[in-house]
Amino acid sequence: MDAPKEGVYKQDWQWQEGEYTVTRTTQWSGPGCHNGCGVLLYTKDGKLEKVEGDPNMPFMQGRLCMRCLALVEAVNHPDRVTHPLKRVGERGENKWEQITWDEAYDIIVERSREITEKYGARAIACQAGTGRNATWQMPALSWAGFKSPNDCGGFLSGDSCYTPRMASMNAMFGCTLVVDCSQFFEDRYNNPEWKAPDYTLIWGCNPVVSNSDGFMGHWIVDTMKLGTKLIVVDPRLTWLAAKAEYHLQLRPGTDAALALGFLNVIINEELYDADFVDKWTYGFDMLKERVQDYPVSKVSEITWVPEELIVEAARAYAKADTAALQWGLPIDQSQHGVAGGHALGCLWAITGNVDKPGANICVTTGYVQADIRAAIMGQQPKEIREGRLGDDQFPFRAHGPGGHALPDALLEALETEKPYPMKMLFISSTNTFANMGAAAKRVYEAMLKAEFIVVAELFMTPTAVGCADIVLPMAMSPERNALRGWWAPFRSITKVTQTGECKSDETLVLELGKRLNPERWPWENDIEMLEYCMHNLSSSKFSGTFEELKEKVYVFDPFEYNKFEKGMLRPDGLQGFNTPSGRIELYMHSFADIDLDPLPYYVEPVESPVSTPELCEEYPFVLSTGQRSYEFFHSEHRQIASLRAFHPDPMVELNPADAAKLGISDGDWVHLENPHGTCKMKARLCPGQLSGVVCAEHGWWFPEKEAAAPSLFGVFESNINLLTTAGMDVIGPTGYGSPYKCQICKVYKA
Ligand SMILES: Nc1nc2c(c(=O)[nH]1)N[C@H]1C(S)=C(S)[C@@H](COP(=O)(O)OP(=O)(O)OC[C@H]3O[C@@H](n4cnc5c(=O)[nH]c(N)nc54)[C@H](O)[C@@H]3O)O[C@H]1N2
Ligand SMILES: Nc1nc2c(c(=O)[nH]1)N[C@H]1C(S)=C(S)[C@@H](COP(=O)(O)OP(=O)(O)OC[C@H]3O[C@@H](n4cnc5c(=O)[nH]c(N)nc54)[C@H](O)[C@@H]3O)O[C@H]1N2
Ligand SMILES: [Mo]
């Protein structure tokens, strides 16, 4: 909670401590994470031997998660891929020949040229996973290397991670908003302008475990110590829910309905901020009319949350002087996730909890990954963008400023060659059918149709063994020079060690880009390229050299509240928001323009007790998937023994009374099954979990099991994505959102 401990801990970027060289820098990925915590890396003879949290880093003030504490084990792990490999057996046989980087590049260049000549560059897709230090590189390689518009967020159906929320925020507010936990100030909680929220509404998020999207979960705990009270919306009894004033346990997939119920109470009881609504929002009367369709009695029936609890929690949120709303992935992971995000955005807007201390604040800095991508690939040349997958079916995606090709369209193009054939996949940082893609078996089979697949990896994964023709050995965070920004502060990552022939994603795309399209990759080395990008950041004012940033470790950009009043959110410098009306659009013009519902609404999940009651006679549980655990980042870390020891098996969480009816005890192996597939997990009985709901983990494979196909490290034994669905028919009308967290299933003892 204290300000940086100047004088107690060193603020140099590097020093000697006995035999150790200590380097003060930041850690990101690999292995993966969404943040960028300050670390002290202890190396001896070039080998990483110890890691500690940096007490001087305002971002996390010395605290590290267990995965970062296991970094030494990960970096020095004997299973690392350390040299480029070329497949020699059949796909899936796990037979490889070691080749040089030059040979690997030559093969990739040659195969991509053949495919481009025969099918056009758009037959090549570049795929990346979630916000690791391997996000901008794939789009840059795709556009400025292969000249293909098909850079794609892995096989993430409906791009349903943060993107749906971004879509609703951008349409409503013209910017992104995050909860204000003082993270934009170097002096953090001591900053005189900042104040802790009176209430924080934690909606479908478990931040102390997930630390997602550049947000450190412990900040919530810090604000609790300063008096913030919690309202938690979650079917499970999480650590935070156990400490909340109100815990609303909803049926998964009904978030938009619950949010509309909150809006109904707040509007009809006139608890909204009339002055703010009048001055800064557009469409309040239309919203007021819409929420009349969602009386609390009906919302209670849909969501399974008792009426009184909805009313009381809505009142508490609206009456608070300052309230923040920290939301998470379940909003995105339903078909109409964008409408859910819209409804929640309306909550912040009509209560005036926008861009003031301790509320949801507008962010204009820290889009470093997007800035780097733009700096390298330029303004998405029109001639390349033509025919990007998914654009023709979803005008909202096509008209958006950035975005990517639609993963579901890529899946279907691999399967059907429509709208055109897809022949090559370049994959970095996604373990496709082990974790990211819904409908895992379908993804695997579709991938096998591609003629040529490159996988850039840290370890041999089911994806690499099952599908790759070339595997490239990638560097972990302490093995790379990089830039880190996602909100604040702007950070450097310093290389302190080298494993085998591993290269960073930065170096990989630069070296390959030079061979494919040299005029777009003029830089000598990674540092030169990063410096060019640093000097072209629209969202950070830092203009020094990489060396200077390395020595500073991090820098904070200036931050101000109430930017909408100061003309700081619009390119024309006028007051207001960067939207067609200049106001926060409760009614969204950009949606109305393309015949999307401009107001928030709720639609039942594709399969649910309400939409498919007959099916639910056989599959009586609502299935939510992928709640995060401390030990793992998605499919990663299963081979890190010290982490796996805490969490050896895939777990499914059940209410004890539900389990008792099925004769299931804590620790029993059970099968989960639905019309799409089946998998096996260990039951964890959770008192306090909503009855009728089961929550199953994602990302499971077993590095200790047989690598070769059909086993592929047992990837189809406990893979929850055998029970989820993908494709154009299950994603939302915007082209965003997919029902990962609202399926149905039955459970029986194995
Ligand atoms: N340790 C670790 N951290 C991670 C990750 C990881 O794999 N491991 N993954 C990262 C990524 S990419 C992401 S997107 C974030 C996600 O992080 P979060 O946004 O926190 O998402 P989850 O942990 O999936 O789910 C949050 C909570 O929502 C509850 N929940 C389940 N279904 C529903 C529902 O339908 N509605 C509501 N309201 N609640 C529901 C779950 O019980 C869970 O407690 O985490 C990031 N951080
Ligand atoms: N059922 C279900 N499925 C889900 C989810 C869910 O909640 N439920 N969550 C979804 C969400 S929100 C997301 S974002 C996706 C995430 O899915 P992904 O981001 O694809 O995560 P992984 O599948 O773990 O694959 C990441 C791979 O990248 C490698 N890697 C790590 N760091 C680096 C690096 O720096 N460079 C390179 N080249 N490789 C690296 C790792 O070894 C790992 O094999 O999963 C989705 N899948
Ligand atoms: Mo995600």
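Just follow the structure's listing: the first ligand is 1, and inside any ligand the first atom is 1.
Stacking of Lys243 on the aromatic ring of Trp239 is recorded, both the 6.0 Å distance cut-off and the 45° axial limit being met.
The distance from ligand 2 to the heavy atoms of Lys741 drops below 4.0 Å at these ligand atoms: 7 (O). The ligand atoms of ligand 2 that sit less than 4.0 angstrom from a heavy atom of Asn721 are 1 (N), 2 (C), 3 (N). Contact atoms of ligand 2 toward Asp505: 34 (C), 35 (O), 36 (N), 37 (C), 38 (N) (distance under 4.0 Å to a heavy atom of the residue). Taking a cut-off of under 4.0 Å to the non-hydrogen atoms of Asn435, the atoms of ligand 2 that pass are 3 (N), 4 (C), 15 (C), 16 (C), 17 (O), 18 (P), 21 (O), 22 (P), 23 (O), 24 (O), 45 (O), 46 (C), 47 (N). For ligand 2, the atoms lying closer than 4.0 Å to a non-hydrogen atom of Ala456 are 37 (C), 38 (N), 39 (N). Residue Gly30 has at least one heavy-atom neighbour below 4.0 Å for each of these atoms of ligand 2: 32 (N), 33 (C), 34 (C), 35 (O). The distance from ligand 2 to the heavy atoms of Gln333 drops below 4.0 Å at these ligand atoms: 5 (C), 6 (C), 7 (O), 9 (N), 10 (C), 12 (S).
Checking only distances, Thr724 never comes within under 3.5 Å of ligand 2, N or O to N or O. Between Arg67 and ligand 1, a contact under 3.5 Å exists for at least one N or O pair. Between Ser210 and ligand 1, a contact under 3.5 Å exists for at least one N or O pair. Considering backbone and side-chain atoms alike, Thr238 places every N or O at 3.5 Å or more from each N or O of ligand 1. Checked against a 3.5 angstrom limit, the closest N/O atoms of Leu329 and ligand 1 fall inside it. By the 3.5 Å distance cut-off applied to N or O atoms, Ser629 is counted among the residues near ligand 1. For the pair His634 and ligand 1, the shortest N or O to N or O distance falls below 3.5 Å.
Between Pro478 and Leu48, the shortest heavy-atom contact is CG-CD2, 4.2 Å. Between Leu458 and Ala475, the closest heavy-atom pair is CD2-O, 3.8 Å.
Of the options Cys65, Ser624, Ser212, the smallest heavy-atom separation from atom 15 (C) of ligand 1 is shown by Ser212. Closest heavy-atom approach to atom 21 (O) of ligand 2 within the set Arg132, Glu697, Met436, Arg80: this belongs to Arg132. Of the candidates Gln627, Glu457, Gln639, the one placing a heavy atom closest to atom 41 (C) of ligand 2 is Glu457. The residue among Ser635, Gly32, Gly154 with a heavy atom at the shortest distance from atom 22 (P) of ligand 2 is Ser635. Taking only non-hydrogen atoms, the option from Gly328, Ala128, Cys33, Ser429 nearest to atom 39 (N) of ligand 2 is Ser429.
Test Trp28, Phe59, Trp487 against Asn35 for side chain to side chain contact (heavy atoms under 4.5 Å, CB included) and you get one pass: Phe59.
In this structure, Gly699 does not count as a contact residue of ligand 2, since none of its heavy atoms falls inside 4.0 Å of the ligand. In this structure, Cys742 does not count as a contact residue of ligand 1, since none of its heavy atoms falls inside 4.0 Å of the ligand. Remark: distances from the non-hydrogen atoms of Gly129 to ligand 1 are all 4.0 Å or more.
The residue Met476 has no part lying near ligand 2, judged by heavy-atom distances below 4.0 Å. Within the 4.0 Å heavy-atom criterion, the part of Arg628 lying near ligand 2 is the side chain and not the backbone. If you look at Thr432 next to ligand 2, there are no close heavy atoms at all, none under 4.0 Å. Contacts with ligand 2 closer than 4.0 Å are made by no heavy atom of Thr463, backbone or side chain. In Thr461, the part holding a heavy atom less than 4.0 Å from any atom of ligand 2 is the side chain. At a heavy-atom distance under 4.0 Å, atoms from both the backbone and the side chain of Thr130 approach ligand 2. Here Asp332 has no heavy atoms under 4.0 Å from ligand 2, in either its backbone or its side chain. At a 4.0 Å heavy-atom cut-off, ligand 2 touches Ile720 through the side chain alone.
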